[in-house]
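Step one of this worksheet: look at the structure below.
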Protein chains: 2
Amino acid sequence: MTFDTPTSTILYTIEETIKAYRKLCAKNIAEVIPDITVDQGLILIILHKNNSLTQMELANLVFKDYASITRILKLMEDKGYISKKIDTKDKRRSSVTITAKGEKAIAQLTPIIVLNRKTALQGITEPELIQLFDTLKKITQNCTN
Amino acid sequence: MTFDTPTSTILYTIEETIKAYRKLCAKNIAEVIPDITVDQGLILIILHKNNSLTQMELANLVFKDYASITRILKLMEDKGYISKKIDTKDKRRSSVTITAKGEKAIAQLTPIIVLNRKTALQGITEPELIQLFDTLKKITQNCTN
DNA sequence: CATAATTATTTGATATATCAAATAATAATT
DNA sequence: AATTATTATTTGATATATCAAATAATTATG
């Protein structure tokens, strides 16, 4: 395949990067907790940073579809990492919280996640990262308007 | 959720961007050809730029797993967009080519893809893109070593 | 207050991702 | 040449993505 200008290849390159990163994460996570996926790990971390979210709030934070969240949480609940309680004020909602097992998993995951980021971003300067962040935000904005 | 430094959020932002972009693509593609997915469209374009690829070659070009390629091609073949022929020199291989219907679809897709890219990259300068490309390549490299 | 509109979650159907194992063909080795 | 190793693709199992429709609860409106 021939790529003439960076314009024609950038978005393709973003896909390449995210896949490479996810593969790295999956590999390192599997070494400490084999039954947690990358997405499930991310959800645990997000829940940890916020106390008790509804599924919609959670979905928006991790850029996932509500249907996906329902299914992912089901698996996580079956494995005992989280629990769901129906909100007493609004019975449509369920608030998602982390179990003791989930907290233990987070403790194991945290250093891995730090390592993954460090590995992925090795040799990249702070201004470079800020620039990357900025450009990506612009693209996201362009796509959602 | 709290993000302190860009370092802790960049890879999360990449996910956000790629999802926003794929959503835009899906929407615009569906308007001209409802039964082609973003991935199937990409595969058609890649096949168009190269004449007759094996599945492994194709998989590597689109950063997909061989198993995924098998299944995606099956659907595309069922819908008549591509055809697979077993390689006479090496009967393990199959060479994938585009049908007339596939070529017609490409003609319809091409302007959409151009539009999608233009939309996504609106207001982003050439040096900015080159920088983005460069940083992403570094990250990919870091993740695959 | 009853009905309609909206909201949060679930379920069904289909597409894609990933790993591991299975198949089948080719290449390398003894 | 027979056996072994490697390669290309497929299949099975499970996870996630996405849209549409279904549920169930809440809010708004006449």
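Below, read A as the first sequence line, B as the second, and so on, with proteins coming before strands; counting in each chain starts at 1.
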Can you list the steps and then say if B:D87 with B:K89 is a salt bridge (charged side-chain N to carboxylate O under 4.0 Å, His left out)? CA-CA 6 Å; B:D87 189 317; B:K89 309 248 161 130; over 6 Å; no
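- When the P atom of D:dT10 is taken as reference, atom NZ of B:K74 falls 11 Å away, rounded to whole Å.
- The existence of a salt bridge linking B:D134 and B:K137 is excluded, since no basic side-chain nitrogen approaches an acidic carboxylate oxygen closer than 4.0 Å.
- When the C1' atom of D:dA8 is taken as reference, atom CD of B:E57 falls 11 Å away, rounded to whole Å.
- Between A:L73 and B:T88, it is A:L73 whose nearest contact on DNA chain C lies nearer the 5' terminus.
- The separation between B:L58 atom CG and D:dA8 atom C1' is 13 Å, rounded to whole Å.
- One interatomic measurement links the two molecules: NZ of B:K84 to C1' of D:dT10, which rounds to 8 Å at whole-angstrom precision.
- Residue B:K89 is classed as a sugar-phosphate contact, given heavy-atom separations below 4.0 Å to backbone atoms only.
- By the side chain to side chain contact (heavy atoms under 4.5 Å, CB included) test, A:Q122 pairs with B:N142, sequence neighbours left out.
- Residues satisfying the salt bridge (charged side-chain N to carboxylate O under 4.0 Å, His left out) test with B:K74, not counting sequence neighbours, are B:D78.
- B:Y66 belongs to a hydrophobic cluster whose remaining members, ordered by chain and number, are B:M56; membership requires side-chain heavy atoms of ILVMFWY residues under 4.5 Å apart, directly or through intermediates.
- Considering B:D39, B:T37, B:N116 in turn, B:D39 is the only one that fulfils the side-chain hydrogen bond (donor to acceptor under 3.5 Å, both in side chains) rule with B:R22.
- Between A:R71 and A:D65 there is no salt bridge, since none of the side-chain N atoms of the basic residue sits less than 4.0 Å from a carboxylate O of the acidic one.
- Using a 4.0 Å cutoff on non-hydrogen atoms, no part of residues 93-110 of chain A comes near DNA chain D.
- Every pair tested for salt bridge (Lys or Arg N to Asp or Glu O under 4.0 Å) that includes a residue from residues 28-38 of chain A fails, sequence neighbours excluded, so the list is empty.
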Walk along nucleotides 11-24 of chain D from 5' to 3' and tag each nucleotide B, S or - by protein heavy-atom contact under 4.0 Å, base first, then sugar-phosphate. BBB-SSBBB-----
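- In this structure, C:dT30 and D:dA1 make a Watson-Crick or G-U wobble pair, each of the two defining distances being under 3.5 angstrom.
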